[in-house]
There are 2 protein chains.
Amino acid sequence: MRMFQAMAKLSKKNWVEAGMISLAEKGIDGVKVETLSKQLGVSKGSFYWHFKNRDALIEAMLDDWQERATHAIINIVDDISEDPMERLVVLSNIIFRPTRFDGTEANWRIAGIKDSRVAAACKGIDATRIAYVRDLLVSIGVPLSQSKHRSHLLYMVLIGNTTWVQTGGRKMSKKEVNEIVSMLTSLDG
Amino acid sequence: MRMFQAMAKLSKKNWVEAGMISLAEKGIDGVKVETLSKQLGVSKGSFYWHFKNRDALIEAMLDDWQERATHAIINIVDDISEDPMERLVVLSNIIFRPTRFDGTEANWRIAGIKDSRVAAACKGIDATRIAYVRDLLVSIGVPLSQSKHRSHLLYMVLIGNTTWVQTGGRKMSKKEVNEIVSMLTSLDG
DNA sequence: ACCTGAACACCGTTCAAGT
DNA sequence: ACCTGAACACCGTTCAAGT
């Protein structure tokens, strides 16, 4: 609900940012040309200089998210440590930690039901993340077939948790996150 | 997309019926006061004599569906035979068979994501159906704990199938339905 | 009891015109 | 290059007035 003064000319980026905040807070239907224009302090007409239509904005938001949601996080984690065990702990605490963009994940997934482009993007992101965790587990010493299984399990917990939170459920505690990590990395059964 | 002539005065029922068709064909967002009015050959104002607002129509549709989707089907099945095995076969072929209201199920479920009343209705319907199938399996001789398990499994297949169909997947064949039934009713492992 | 018609608010989209 | 302002279409909602 923040308002911006139109001190300088706007770029595509400004609209995408504002759109992402609306998405996280109100879902895909909350991303409205008129509302965003008011927030940014310009007329609706201005929007159509930057984008062909509302759909083009959604697509730009999707691109932005794909970059940040996967590669950006993976890069951060990779920079922090060489040790796969540490990486997994850091990653888990990032993805389960509450942020301003908490609603983003769940709301993209919901939007994917109606919009096949969104669905395709989700699918790609899911696969990248699951593969990354799978590789971490393999590096830790978990056999491949179990690593596949467990990385998938972790991801289901992530989706379940974000969806649940979105519909009023409580967040997972740090302790619960740690328990999951130790389950995933156990080398027996 | 059918049009009706306003030969007689309309009742709530007419609006609910038209709404259900729109829901099945176009999803919850396709249920529009203006569109329905045109289809029924009356003005938008007419709608607001029957319903407080669009939301009240959705609620009436939900009530209609709850009646028909569960109890009506169960009554039909119960009337056809006393034998639980036959009942299960008949039921499976009803719920997996393509009908004009095929989209209804999946679209209610999708609407449930945004509307907690819809979500609650889905939950109740799910529970009733699963319990009914569970009881059939128990009558056939499947142990209770396995019956719970298998009725739940069948229901997941049902949801998966309808959702999949809604997003462009193919329907299940009669043969596949029969295979599921024989799996569920097997008395070993 | 059921419906019309006009009005209003909200929002997506277009476009000529402005700086 | 970026924005305004007015216009139009679409749709939910209200309401006085009609039969």
Side-chain angles (χ1 to χ4, degrees), chain A residues 1-62 64 107 110-111 114-115 117-118, chain B residues 1-62 64 107 110-111 114-115 117-118:
Chain A
M1 275 308 158
R2 332 168 167 59
M3 304 292 260
F4 302 88
Q5 288 308 320
M7 335 198 86
K9 307 252 172 136
L10 297 172
S11 68
K12 267 191 180 207
K13 211 177 210 177
N14 299 115
W15 292 94
V16 169
E17 257 171 44
M20 292 295 281
I21 293 171
S22 286
L23 176 80
E25 289 175 351
K26 296 173 288 183
I28 196 77
D29 294 340
V31 181
K32 298 183 181 180
V33 174
E34 187 155 30
T35 308
L36 296 179
S37 303
K38 263 180 204 146
Q39 281 173 14
L40 294 172
V42 292
S43 73
K44 289 194 283 182
S46 168
F47 173 85
Y48 290 91
W49 191 86
H50 296 282
F51 299 92
K52 186 172 173 293
N53 52 27
R54 180 181 174 281
D55 229 54
L57 170 65
I58 304 294
E59 199 151 327
M61 287 166 56
L62 207 50
D64 184 65
N107 278 320
I110 289 166
K114 293 281 191 164
D115 186 333
R117 292 167 319 164
V118 175
Chain B
M1 277 309 156
R2 342 175 157 57
M3 305 290 262
F4 301 88
Q5 288 309 319
M7 337 198 83
K9 308 254 173 136
L10 297 173
S11 67
K12 266 191 179 203
K13 210 176 210 176
N14 299 114
W15 292 95
V16 169
E17 257 170 44
M20 292 295 281
I21 293 171
S22 287
L23 176 79
E25 288 175 352
K26 295 173 288 183
I28 196 76
D29 293 341
V31 181
K32 299 184 181 181
V33 174
E34 186 154 30
T35 309
L36 296 178
S37 302
K38 262 181 204 144
Q39 282 173 14
L40 293 171
V42 292
S43 72
K44 289 193 284 183
S46 168
F47 173 85
Y48 289 90
W49 191 88
H50 297 281
F51 299 93
K52 185 173 174 294
N53 51 29
R54 181 180 174 279
D55 228 54
L57 170 65
I58 303 295
E59 199 152 327
M61 288 167 57
L62 206 49
D64 185 65
N107 278 321
I110 290 166
K114 293 281 193 165
D115 187 331
R117 291 168 320 166
V118 176

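Excluded from the calculations below are hydrogen atoms, water molecules and symmetry mates; all remaining heavy atoms, backbone and side chain alike, are included. Reminder, nothing fancy here: chain letters follow the sequence lines and each chain counts from 1. Computed from a predicted model, the values in this text were never measured in an experiment.
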>> Just the rounded figure in Å: distance from C1' of dC3(C) to CG of L36(B).
In response: 16 Å
> With a non-hydrogen cut-off below 4.0 angstrom, is K12(B) in contact with a base, only sugar-phosphate, or nothing?
Replying inline: nothing
> I28(B) pairs by side chain to side chain contact (heavy atoms under 4.5 Å, CB included) with which of N107(B), I58(B), V118(B)?
Replying inline: I58(B)
> Would you call R117(A) and D55(A) a salt bridge, using N to O less than 4.0 angstrom?
Replying inline: yes
>> Which nucleotide wins on minimum distance to the side chain of W49(B), given the candidates dC2(D), dT4(C), dA1(C)?
In response: dA1(C)
> Atom CG of L36(A) and atom CD of E34(A): how far apart are they, to the nearest 0.5 Å?
Replying inline: 10.5 Å
>> Is the phosphate of dT14(D) approached by Y48(B) (side-chain N or O, under 4.0 Å from OP1 or OP2)?
In response: no
>> Strictly below 4.0 Å: does H50(A) bring a side-chain N or O up to OP1 or OP2 of dC3(D)?
In response: yes
> Taking the side chain of V42(B) as its heavy atoms from C-beta onward, which of dC2(C), dC2(D), dT4(C) lies nearest to it?
Replying inline: dT4(C)
> Separation of K32(A) atom NZ from dC11(D) atom P, in whole Å?
Replying inline: 15 Å
> Between the base of dG12(C) and the side chain of K44(A), is there any donor-acceptor pair under 3.5 Å?
Replying inline: yes
> Do any side-chain nitrogens or oxygens of K9(A) fall under 4.0 Å of OP1 or OP2 in dA1(D)?
Replying inline: no
>> What is the distance, to the nearest angstrom, from the CG atom on N14(B) to the P atom on dA1(C)?
In response: 17 Å
>> Rounded to whole Å, how long is the line connecting atom CD of E34(B) with atom P of dT4(C)?
In response: 14 Å
> What orientation do H50(B) and W15(B) show, parallel under 30°, tilted 30 to 60°, or perpendicular over 60°?
Replying inline: tilted
> Nearest nucleotide by nearest heavy atom, which residue falls closer to the 5' end of DNA chain C, S46(A) or V33(A)?
Replying inline: V33(A)
